[in-house]
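Have a look at the structure below, then the notes.
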Amino acid sequence: MSASVKLCSRLAVITGGGSGIGRAVCQRFAQEGASVVIADVNEDSANDTLKLLSHNNEDHKHSAFIVDVTSKQSVEQLFSQIQLRYFRPPCISVSAAGITQDEFLIKLEEDAFDKVLQVNLKGTFLVTQTLAKALISSGLSKGSIINIGSIVGKVGNLGQTNYAASKAGVEGLTKTAAKELGRYGIRCNCVLPGFILTPMLEKVPQKVLEKFAGMVPLGRLGQASDVADACVFLASNESQYITGVSLEVTGGLFTG
Ligand code: NAD
């Protein structure tokens, strides 16, 4: 069977690439022929993802960098390091760095609200803006920016005021970026996962997970690879006339 090459010779940066959904995106993009930049605040886990790609990294086309997406300086440094190494900006980004700090609204501390907004929303803003500027100034006429939101941003969820607000913000940011960047050939789309089995869900009680699984029309919780497949589609030419959309990857949960 011939190798799949939907992302052949593309350079992609994935924040949160050290774990869960981000790691699965790195693996799928590498399978599709992309050069993958794994970017994460946790250097060890980013390097662990790099090792997972090593079987097809003979030419050292993949790399891992440390980044804190809440810091403009750190995000700009990441893109400078990519430019130094690859002599061009990435034409694909996936913002999968994210955190939760769950608490009911009436108990939620200001600090927990701020931290979740900083990583999930401001981090996505900084990566989107920095990549857009780099693509425009390089004259590259094509790009695909993929931001990982959440179905919770649309429907809310008990104990997740901060998280739901951050993810609703990611959707608004992405739709606006799509309107502004279309003229440069840069597409911007969201993926809205439902409940996906990753380390992020380890804090959710098993009883609650079972309840959610029972509500999913497709009868199971999602895998990180389910979300990665949607990202391949949005990164590839198969979605070349699609921008400003939010693609739900929920097994049908909360849809409609
Ligand atoms: P995860 O905890 O497995 O991975 C998140 C990654 O983000 C980690 O590697 C972490 O080190 C990194 N990260 C955290 N803060 C960072 C920062 N400041 N700078 C750079 N990297 C940072 O979680 P996941 O489930 O893979 O989540 C990935 C994305 O998907 C998140 O945006 C999350 O909100 C979203 N999401 C997850 C689910 C789910 O059910 N797992 C559902 C909807 C949306």
Side-chain angles (χ1 to χ4, degrees), residues 13-28 37-50 52 64-79 93-102 112 114-128 130 146-157 159-160 162-171 173-174 190-204 208-209 212-213 215-216 220-228 230-231 246-251 253-254:
V13 59
I14 292 98
T15 72
S19 178
I21 290 170
R23 174 173 286 173
V25 172
C26 292
Q27 291 177 289
R28 280 291 283 115
V37 175
I38 306 147
D40 205 289
V41 74
N42 184 329
E43 194 171 15
D44 289 344
S45 61
N47 283 324
D48 287 346
T49 300
L50 184 61
L52 291 172
F65 292 106
I66 188 165
V67 69
D68 176 359
V69 296
T70 68
S71 155
K72 184 177 167 107
Q73 191 203 349
S74 178
V75 172
E76 286 181 347
Q77 192 183 0
L78 168 69
F79 280 83
S93 69
V94 179
S95 281
I99 60 166
T100 54
Q101 286 205 10
D102 294 352
D114 287 343
K115 278 195 178 132
V116 169
L117 269 284
Q118 288 275 320
V119 178
N120 297 4
L121 182 54
K122 184 184 170 192
T124 302
F125 157 67
L126 288 173
V127 172
T128 301
T130 310
I146 301 164
N147 294 329
I148 308 296
S150 168
I151 194 67
V152 162
K154 275 198 161 161
V155 300
N157 195 26
Q160 292 201 307
N162 49 359
Y163 185 77
S166 73
K167 294 301 190 178
V170 166
E171 251 198 292
L173 180 157
T174 307
C190 269
V191 174
L192 309 185
F195 292 94
I196 311 296
L197 291 164
T198 71
M200 185 175 270
L201 282 203
E202 277 164 12
K203 290 173 227 153
V204 179
V208 177
L209 288 182
F212 281 130
M215 290 160 62
V216 177
R220 64 171 174 88
L221 296 176
Q223 299 291 336
S225 58
D226 295 318
V227 183
C231 292
S246 297
L247 181 52
E248 296 180 11
V249 183
T250 64
L253 184 68
F254 302 130

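Note that ligands are numbered from 1 as they come in the structure, with each ligand's atoms numbered from 1 the same way. Sequential numbering from 1 along the given sequence is applied to the chain's residues.
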For Ile21, the option from Ser225, Cys26, Pro193 that meets side chain to side chain contact (heavy atoms under 4.5 Å, CB included): Pro193
I want to check something: taking the side chain as every heavy atom from C-beta on, are Asp40 and Thr15 in contact at a cut-off of under 4.5 Å? no
Measure the distance from atom 40 (O) of ligand 1 to every protein heavy atom, then report the residue, atom name and distance (to 0.1 Å) of the closest one. Ile196 N, 2.8 Å
Only heavy atoms of Phe195, strictly under 4.0 Å: list the atoms of ligand 1 that pass. 40 (O)
Counting heavy atoms only, which of Gly20, Gly16, Gly194, Gly18 comes nearest to atom 42 (C) of ligand 1? Gly194
Pick one of side chain, backbone, both or neither for how Ile99 approaches ligand 1, counting any non-hydrogen atom pair under 4.0 Å. side chain
Are Asp226 and Arg220 within salt-bridge range, i.e. N to O under 4.0 Å? yes
Hydrogens and angles aside, do Ser166 and Asn120 bring a side-chain donor and acceptor to less than 3.5 Å of each other? yes
Protein residue, atom and distance nearest to atom 19 (N) of ligand 1, heavy-atom basis: Val69 N, 3.0 Å
Taking distance alone, with no angle check, do Pro193 and ligand 1 share an N/O pair under 3.5 Å? no
Any chance you could measure Gln77, atom CD, to Ile66, atom CD1, to the nearest 0.5 Å? 9.5 Å
Quick check on side chain to side chain contact (heavy atoms under 4.5 Å, CB included): which of Thr250, Asn157, Val208 does Phe195 satisfy it with? Asn157
Between Leu50 and Phe65, is any pair of side-chain heavy atoms under 4.5 Å apart? no
Take Asn147 and Thr174 through the side-chain hydrogen bond (donor to acceptor under 3.5 Å, both in side chains) test and state the conclusion after the steps. CA-CA 7 Å; Asn147 294 329; Thr174 307; 3.0 Å; yes
Name the option, out of Glu43, Lys115, Met200, Arg23, that contains the heavy atom nearest to atom 2 (O) of ligand 1. Met200
For Gln223 against Ile196, the heavy-atom pair lying closest together: C-CG2, 3.4 Å
Going by heavy atoms, is Ser95 under 4.0 Å from ligand 1? no
Out of curiosity, is Asp40 lining ligand 1, as in a heavy atom under 4.0 Å away? yes
Distance filter under 4.0 Å to Ile148 heavy atoms, resulting ligand 1 atoms: 29 (C), 30 (O), 35 (C)
Can you find a non-hydrogen atom of Gly149 under 4.0 Å from ligand 1? yes
Within-shell test, Ala96 vs ligand 1, heavy atom, strictly < 4.0 Å: yes
In the structure I gave you, are the side-chain heavy atoms of Lys154 and Lys167 within less than 4.5 Å of one another anywhere? no
N/O separation below 3.5 Å, Asn42 to ligand 1: no
Identified side chain to side chain contact (heavy atoms under 4.5 Å, CB included) counterpart of Thr70 within the set Leu117, Val119, Leu121: Val119
Which of the numbered atoms in ligand 1 are below 4.0 angstrom from a heavy atom of Ser150? 43 (C), 44 (C)
Spacing of Glu248 atom CD and Leu253 atom CG [to the nearest 0.5 Å]: 9.5 Å
for atom 33 (C) of ligand 1, nearest protein heavy atom and its distance come out as Tyr163 OH, 3.4 Å
Measuring only between side-chain heavy atoms, which start at C-beta, is Leu192 closer than 4.5 Å to Ser150? no
Considering heavy atoms of the protein only, find what lies nearest to atom 3 (O) of ligand 1 and give residue, atom and distance to 0.1 Å. Ser19 OG, 2.6 Å
Tell me, which protein residue and heavy-atom name are nearest atom 16 (C) of ligand 1, and how many Å apart are they? Val41 CG1, 3.6 Å
Quick check: does Thr198 get an N/O under 3.5 Å from an N/O on ligand 1? yes
Any heavy atom of Ile21 under 4.0 Å from ligand 1? The part involved is both
Short version for Asp68: what comes under 4.0 Å of ligand 1, heavy atoms counted, is both
Is any side-chain heavy atom of Leu126 closer than 4.5 Å to a side-chain heavy atom of Val69? no
Using heavy atoms and a threshold below 4.0 Å, how should the contact between Leu201 and ligand 1 be classified: side chain, backbone, both, or neither? side chain
For atom 5 (C) of ligand 1, what is the nearest protein heavy atom, given as residue, atom name and distance? Gly98 O, 3.7 Å
Once you restrict to heavy atoms under 4.0 Å, what part of Lys167 touches ligand 1? Side chain, backbone, both or neither. side chain
In ligand 1, which numbered atoms sit nearer than 4.0 Å to a non-hydrogen atom of Val67? 19 (N), 20 (C)
